[in-house]
Protein chains: 2
Amino acid sequence: MPRHADDRSATRAPARLSRETIVAAAIGLADRDGLAGLSMRRLAQHLGVDAMSIYYHLRDKDTLLAAMVDAVAAEIEVDGEIEAATLGGGGTGAAAVGGGGTGVAAVGGGGARAGGEAAAGSGPAGAGAPGPWTDQLRALIMRARRTMLRHPWAARVLEARDTPTPAVLRHIERVLAVLRGGGCSVSLSHHALHLLGSRILGFSQDLFDDSPNTPATEAETAAQAAAWAESMPHIAELAVAVSHSGALGGCDDEDEFAFALDLLIEGLDRRRLAEQG
Amino acid sequence: MPRHADDRSATRAPARLSRETIVAAAIGLADRDGLAGLSMRRLAQHLGVDAMSIYYHLRDKDTLLAAMVDAVAAEIEVDGEIEAATLGGGGTGAAAVGGGGTGVAAVGGGGARAGGEAAAGSGPAGAGAPGPWTDQLRALIMRARRTMLRHPWAARVLEARDTPTPAVLRHIERVLAVLRGGGCSVSLSHHALHLLGSRILGFSQDLFDDSPNTPATEAETAAQAAAWAESMPHIAELAVAVSHSGALGGCDDEDEFAFALDLLIEGLDRRRLAEQG
DNA sequence: CGGTGTAGGTCTACACCGTAGAGTACGTCC
DNA sequence: GGACGTACTCTACGGTGTAGACCTACACCG
């Protein structure tokens, strides 16, 4: 290692790559030219460096892509802090739309009871904004969406990958924290996660398969859960529940899809009635 | 041109390619080896033919991929006919799941009123099964899902494309027919389509952008709508409504997302209450 | 019959891709 | 001075999609 960490440009050092600069440049390139325009050679050229130099810092192109989505997912958190610092609370402009119901609160059947018991725990990884959990969830997801819209390629890469990156995992943890904090059971939170992550209309599978792809022993799962217990408590909780196949009935893809579909159709029918009545 | 159109196999023709055989082989290859395993050379080898021969029948690899998804989407219709022939009606096993509500009918707020006025019109492109529109929609989407699951690569290709193929369009038409037949307004149907086609959790955009990507004149749109009027009446209807920006307020991505998100969150909150109560 | 047009398929070649593997310059430490 | 690790470069290989010229067999026509 060099003695003083940051003496770039000292002699005639040609570029001074680093994992971070590479990833940042790659993101910039992908933002400009799309995923198709991102090749190792073009990226290297962009950095004023030989293509193979990149491979010293990142094993693969796949590793690069993973690092890129991770960086983007990490932006969600930063955006959140900024938002929390500048604004007071929630209110993201997800209000009235089209024909039927407007917000979550005043719609269909039983009048306006939305939040329930509000955020009781607010937990270790709790999201910033106060207010009913429904508003918190909406704000969190809207923030994620806004971040992803700045990097249109990111969604595609994310979908293509089969394992979530750390920052994505943290985002999921935050979503779970809101759900659990809002009074949703572990089981319902689990369904919710699948629901939020899967596309409907009959196309497409789930975003990630949390079913035991690596058929870990129950002991292993428990060990991992313990390791995550303080950093990602809600994910750990869910992982344990899912692995005890008895408790949640495992994690059947078909059931998850049906759950999501039922929920959507029910919501549509409710909107229809509100529209007509 | 040849005199009699269909005298293939006459002499010793080496392979007798055709667009259909190529597409079928490509689908088979993709089913076996995944999208990554599908290269023009490998496909040609599989067909016992030079790679460039394929280009006589299909302009591009992109054209090939489009033809592949179109063929898969067309399977949905065939499956539907088979189903309609063998079984009587609906009932696709999308019943009880996990903690909260079960089907559409008996859930949350106001008791069991689901179908409403049932299928009044049933229209030209009407779906087979009778029963409440909610059941029809569920059956239709489940059928699509089952087809897509047989070709795991298809969803990815479909998402990557930005224009729907004819068979996909027909599927959408069928979905719209059910919605409209069930009493949903054009506006609500429009929202529903976006809802069903877009992924939530903050990632990803819509499946297709129906906003005027080709900024056609209103006259053009009307002309196209007229041309489609009998083959795809509901899509035509919707297209006209959307193009009259006043009527539906155009088609704002943000609004569509908010609509979907609200509907989901409302549904989750309802499940939560049902669970606790 | 020979000539011609053309549908269907092949061959060659090009630019680009990811990346293995060897080689090179340099700073640090014994 | 020599060994060593770090950061980077060079060369090369096997793959990709596809443009463009080429070939071949057959249908047609005078």
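Reminder, nothing fancy here: chain letters follow the sequence lines and each chain counts from 1. Just so it is clear, the values below take in all heavy atoms, side chains as well, and ignore hydrogens, waters and symmetry mates. Note that the structure is predicted; figures quoted are calculated from it, not measured.
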Legend entry - Distance in angstrom units between B:Tyr56 OH and D:dG20 C1', rounded: 16 Å
Inset, instruction - Both distances under 3.5 Å, Watson-Crick or G-U wobble: report the partner of D:dG30, or none. - result: C:dC1
Legend entry - Worked verdict on B:Val157 versus B:Val72 for side chain to side chain contact (heavy atoms under 4.5 Å, CB included): CA-CA 11 Å; B:Val157 176; B:Val72 169; over 6 Å; no
Legend entry - From CG (A:Leu196) to CG (A:Leu140), nearest 0.5 Å: 10.0 Å
Inset, instruction - Could you check how far CG of A:Leu64 sits from P of C:dT19, rounded to whole Å? - result: 10 Å
Inset, instruction - Please check the phosphate of C:dG8 (OP1 and OP2 only) for any side-chain N or O of B:Ser53 closer than 4.0 Å. - result: no
Inset, instruction - Verify the contact: side-chain N or O of A:His57 to OP1 or OP2 of D:dT6, cut-off strictly under 4.0 Å; return yes or no. - result: no
Inset, instruction - Drop me the distance from A:Glu75's CD to A:Arg146's CZ, to the nearest 0.5 angstrom. - result: 13.0 Å
Legend entry - A:Arg145 and A:Leu149, any side-chain heavy atoms less than 4.5 Å apart: yes
Legend entry - A:Asp50 CG to C:dG21 C1', straight-line distance once rounded to whole Å: 13 Å
Inset, instruction - Decide yes or no on side chain to side chain contact (heavy atoms under 4.5 Å, CB included) for B:Arg174 and B:Arg170, but give the supporting numbers first. - result: CA-CA 6 Å; B:Arg174 261 169 289 148; B:Arg170 286 199 298 274; 3.9 Å; yes
Inset, instruction - Could you state the atom-to-atom distance from CZ of B:Arg19 to P of C:dA7 in whole Å? - result: 17 Å
Inset, instruction - Report the distance from atom CG of A:Leu35 to atom P of C:dC17, rounded to the nearest whole Å. - result: 14 Å
Inset, instruction - Could you go through the salt bridge (charged side-chain N to carboxylate O under 4.0 Å, His left out) check for A:Asp31 and A:Arg150 one step at a time? - result: CA-CA 8 Å; A:Asp31 285 348; A:Arg150 281 204 303 274; over 6 Å; no
Inset, instruction - Determine, step by step, whether B:Leu193 and B:Leu176 satisfy the side chain to side chain contact (heavy atoms under 4.5 Å, CB included) criterion, reporting the C-alpha distance in whole Å, the side-chain angles of both residues, the deciding distance to 0.1 Å, and the verdict. - result: CA-CA 8 Å; B:Leu193 216 56; B:Leu176 273 177; 4.3 Å; yes
Legend entry - Partner residues of A:Arg156 under the salt bridge (Lys or Arg N to Asp or Glu O under 4.0 Å) criterion, sequence neighbours left out: none
Inset, instruction - Would you sort out whether B:Leu179 and B:His234 count as a side chain to side chain contact (heavy atoms under 4.5 Å, CB included), showing the intermediate values? - result: CA-CA 10 Å; B:Leu179 287 164; B:His234 300 94; over 6 Å; no
Under 3.5 Å between N/O atoms: give me all the protein pairs with nucleotides 16-19 of chain D, atom names plus distance.
from	atom 1	to	atom 2	distance (Å)
D:dT16	OP1	B:Ser39	OG	2.8
D:dT16	O4	B:Arg41	NH2	3.2
D:dG17	OP1	B:Met40	N	3.4
D:dG17	OP1	B:Lys61	NZ	2.7
D:dG17	OP2	B:Met40	N	3.0
D:dG17	N7	B:Arg41	NH2	2.7
D:dG17	O6	B:Arg41	NH2	2.8
D:dT18	OP1	B:Asp60	OD1	3.3
D:dT18	OP2	B:Tyr55	OH	2.8
D:dT18	OP2	B:Lys61	N	3.0

Legend entry - Within residues 20-31 of chain A: residues closer than 4.0 Å to DNA chain D (heavy atoms): none
